[in-house]
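Worksheet: one structure, shown below.
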Amino acid sequence: MMLKLYFLGKANFEYKGEDITERLGNKTIALVCLLILNQNKYLSREKLITYLWPDSNEDAAKYNLRFNIWMIKKNIGTDENGEEFLYVDKERCGINEKYIFYCDILQIMKFKPGREDSIEGLLALRASFAGDFMEGCYFNNCNDFNEIIIFERTHFEDQRVKILKRLTELYEEEGDTEKCEEVLKEILDIEPYDEDMALMMIRLYVRSGKRSKAIIYYNTFRNRLAGGLGIEPSEKLRKAYEEIKAASAELSEKDLAGRMSRKEKSRQRTIKKRKREQDEIHVVSDCIGQIKYFWMADVVSKLSICNLFTCSSYLDENQLQALAYIEPEIAGEMEAYPVCLIPDVRVARAFIRLIIAVCQEWKLFIEIHDKENMDDVSRLAFEYLLNEKIDTLHFL
């Protein structure tokens with residue numbers, strides 16, 4: 001297409017592959033915008049003047065309109081069929097319905113969820129949202145037009161959410177839970193209090209076998225509602241949460257024994273192997289400066305996946321809660337994920353308690369990469385453990 005108009009983000013006009021935006025004044029762009037928004041009808045010259053030159057006298061306003069129409073015609077030529085972009089007569093002005101061109105907001109305005117939707121098409125629409133409608137634009141003394149801009153920003157944001165919701169449906173149909181989760185997060189960034197989307201996210205986690213993550217998300221969303229709106233989740237959302245907890249409890253009662261038996265056999269085999277290796281556990285950890293608790297969280301994560309023990313076998317509920325605050329991977333060992341701020345001292349004490357307990361059963365070797373970048377809280381815990389001079393603890 002020879003003409004491309006973009007109004008989402010900073011307005012941008014291209015004709016024959018050339019950027020012509022700088023050739024047009026703000027009022028010229030605003031005039032094209034008004035005509036695009038009213039593409040199915042022609043606007044009277046009087047109406048256009050009311051929107052864009054409300055404070056000008058009649059002669060000056062008419063001249064300004066004629067000049068801006070001329071600027072449009074000068075810079076936007078005919079399409080491949082020889083059609084003119086504008087239809088203009090003595091009374092009215094509008095977009096020529098036969099003129100072939102692309103406009104981002106027209107594509108968005110046309111969208112209605114339907115069976116013919118494709119992931120590729122929805123992704124193209126999603127990519128159109130480069131920013132707010134007429135981003136950065138404000139026109140002095142043009143109150144009616146500024147109100148239109150504000151109204152349309154809300155309208156296009158609503159359309160964006162509809163597109164994203166339809167995209168989640170298609171991803172869900174294809175079983176692509178990763179992409180579905182990604183789009184749901186995008187929706188919730190736009191509408192952080194949307195309980196239907198929160199419920200969809202929770203159920204997505206459950207279907208993916210991530211029950212602990214579903215519980216964590218419910219608690220996070222509940223806090224968001226309480227902090228932002230001062231309300232509790234709806235009965236529907238609370239009921240879904242209770243069902244998840246009940247299902248988790250039932251799973252534990254019916255299957256835990258069998259699963260733990262298998263895990264225990266596996267653990268015993270691993271322990272015997274480790275016994276032959278002199279009861280050693282090797283952990284490779286990393287440090288990233290300025291990220292609080294990073295080293296401690298990394299060590300806890302590495303220990304939790306070695307499958308030689310569970311943190312709950314060494315720590316009480318309060319200590320587990322403190323470590324789950326910095327490393328959510330161990331939240332599955334708890335009845336409830338921590339939703340309140342945990343003081344640094346509790347986190348450090350729980351970490352130290354875990355390391356000391358592990359060292360009572362194993363020789364623990366912790367290799368530390370980029371030690372000079374260790375965060376302050378982790379460094380204090382590290383120095384404490386060094387001063388304890390534990391025979392079975394070795395830092396590399």
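Nothing fancy with the numbering, it's 1 onward along the sequence.
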Next on the checklist: Counting only heavy atoms not in E372 (residues, nucleotides, ligands), do more than 12 fall under 6.0 Å from its CD?
Outcome noted: yes
Checklist entry - Is there a donor-acceptor contact under 3.5 Å from the side chain of Q159 to the main chain of F111? => result yes
Next on the checklist: Rounded to the nearest 0.5 Å, what separates atom OG in S285 from atom CG in D370?
Outcome noted: 10.0 Å
Next on the checklist: One pair to check against salt bridge (charged side-chain N to carboxylate O under 4.0 Å, His left out): E242 and K239. What are the steps and the verdict?
Outcome noted: CA-CA 5 Å; E242 293 301 329; K239 184 178 179 182; over 6 Å; no
Next on the checklist: Would you say the rings of W295 and F351 are close, in the sense that their centroids are separated by under 6.0 Å?
Outcome noted: yes
Checklist entry - Below 4.5 Å, heavy atoms only, C-beta onward: do M134 and F139 meet side chain to side chain? => result yes
Checklist entry - What are the two closest heavy atoms between T21 and A11, and how far apart are they? => result CG2-O, 3.5 Å
Next on the checklist: If hydrophobic clusters are built from ILVMFWY residues whose side chains come within less than 4.5 Å, do V32 and F151 share one?
Outcome noted: no
Checklist outcome for this item: In terms of heavy-atom contacts, L188 and A198 come closest through CD2-N, 4.2 Å
Next on the checklist: Rounded at 0.5 Å granularity, tell me how far CZ in R45 sits from CZ in R92.
Outcome noted: 11.0 Å
Checklist entry - More than 12 foreign heavy atoms under 6.0 Å from NZ of K4: is that the case here? => result no
Checklist outcome for this item: In this structure, CD1 of I20 is separated from CG of N75 (nearest 0.5 Å) by 5.5 Å
Item to check | K62/E58 ion pair, N-O < 4.0 Å | outcome: yes
Item to check | Criterion side-chain contact (heavy atoms from CB on, under 4.5 Å) on K292 and D344, from CA distance to verdict | outcome: CA-CA 10 Å; K292 199 174 184 182; D344 292 350; 3.1 Å; yes
Checklist entry - Distance from D298 atom CG to C287 atom SG, nearest 0.5 Å? => result 8.0 Å
Checklist entry - Should K185 and E182 count as an ion pair when the cut-off is N to O under 4.0 Å? => result no
Item to check | From CA spacing to verdict: side-chain contact (heavy atoms from CB on, under 4.5 Å), R203, E172 | outcome: CA-CA 11 Å; R203 287 175 173 166; E172 197 169 21; over 6 Å; no
Next on the checklist: Using 30° and 60° as the class boundaries, would you call the ring planes of F221 and Y217 parallel, tilted or perpendicular?
Outcome noted: parallel
Checklist entry - Side chains of Y51 and I148: does their closest heavy-atom pair fall under 4.5 Å? => result yes
Item to check | Test item: side-chain donor near acceptor, Y6 and E14, under 3.5 Å | outcome: no
Item to check | Charged N-O contact under 4.0 Å between R23 and E18 | outcome: yes
Checklist outcome for this item: Scanning both residues in full, the closest heavy-atom pair of P54 with N141 reads CG-O, 3.1 Å
Item to check | Spacing of CZ belonging to F7 relative to SG belonging to C137, to within rounding of 0.5 Å | outcome: 9.5 Å
Checklist entry - If you measure from the Lys or Arg side-chain nitrogens to the Asp or Glu carboxylate oxygens, is any gap between D158 and K162 under 4.0 Å? => result no
Next on the checklist: Let me confirm one number: the CZ-CD1 distance from F395 to I368, rounded to the nearest 0.5 Å.
Outcome noted: 5.5 Å
Next on the checklist: Can you confirm whether Y193 is buried at OH, in the sense that more than 12 heavy atoms of other residues, nucleotides or ligands lie under 6.0 Å from that atom?
Outcome noted: yes
Next on the checklist: Apply side-chain contact (heavy atoms from CB on, under 4.5 Å) to residues L52 and L65 and explain how you reach the verdict.
Outcome noted: CA-CA 9 Å; L52 300 178; L65 179 58; 6.0 Å; no
Checklist entry - Using the ring of each side chain (for Trp, its six-membered ring), is F101 parallel, tilted or perpendicular to Y99, with breaks at 30° and 60°? => result tilted
Checklist entry - What heavy-atom pair brings D79 and M2 nearest, and what distance separates the two atoms? => result C-SD, 3.5 Å
Item to check | Residue pair F294, S378: steps toward the side-chain contact (heavy atoms from CB on, under 4.5 Å) verdict | outcome: CA-CA 7 Å; F294 187 90; S378 293; 5.8 Å; no
Item to check | Exercise: identify the closest heavy-atom pair between V88 and C93 | outcome: CG2-SG, 3.8 Å
Checklist entry - Can you find a heavy atom in the side chain of L364 that is under 4.5 Å from one in the side chain of I390? => result no
Next on the checklist: Checking the side chain of D375 only, and the main-chain atoms of Y293 only, is there a donor and an acceptor separated by less than 3.5 Å?
Outcome noted: yes
Next on the checklist: Measuring only between side-chain heavy atoms, which start at C-beta, is E327 closer than 4.5 Å to S304?
Outcome noted: no
Checklist entry - Taking all atoms of both residues into account, what is the closest heavy-atom pair of G94 and L35, and its distance? => result CA-CD2, 4.0 Å
Checklist entry - Would a hydrophobic clustering, with Ile, Leu, Val, Met, Phe, Trp and Tyr connected at side-chain separations under 4.5 Å, put V283 with M374? => result yes
Item to check | Summary of side chain to side chain donor-acceptor pair (under 3.5 Å) pairs that have at least one residue in residues 382-392, sequence neighbours excluded | outcome: none
Checklist entry - For E361 and Y314, does a side-chain donor sit closer than 3.5 Å to a side-chain acceptor? => result yes
Next on the checklist: With a 6.0 Å cut-off (strictly less than), is the heavy-atom count around CD of E80, excluding the residue itself, greater than 12?
Outcome noted: yes
Item to check | Heavy-atom side-chain proximity of K165 to M200 below 4.5 angstrom | outcome: no
Checklist entry - Sub-3.5 Å donor-acceptor pair from the side chain of E174 to the main-chain atoms of Y171, do we have one? => result no
Next on the checklist: Is there a salt bridge (charged side-chain N to carboxylate O under 4.0 Å, His left out) between D376 and R379? Walk through the geometry before answering.
Outcome noted: CA-CA 5 Å; D376 292 340; R379 183 174 298 281; 5.2 Å; no
Checklist entry - Which word best sums up how the rings of Y42 and Y87 line up, parallel for under 30°, tilted for 30 to 60°, or perpendicular for over 60°? => result tilted
Checklist entry - Can you tell if the side chain of R222 reaches within under 4.5 Å of the side chain of R238, non-hydrogen atoms only? => result no
Checklist entry - Would you call I244 and Y205 a side-chain contact if the rule is heavy atoms closer than 4.5 Å? => result no
Item to check | Contact check, side chains of F133 and H155, non-hydrogen atoms, under 4.5 Å | outcome: no
Next on the checklist: Checking the side chain of T50 only, and the main-chain atoms of E46 only, is there a donor and an acceptor separated by less than 3.5 Å?
Outcome noted: yes
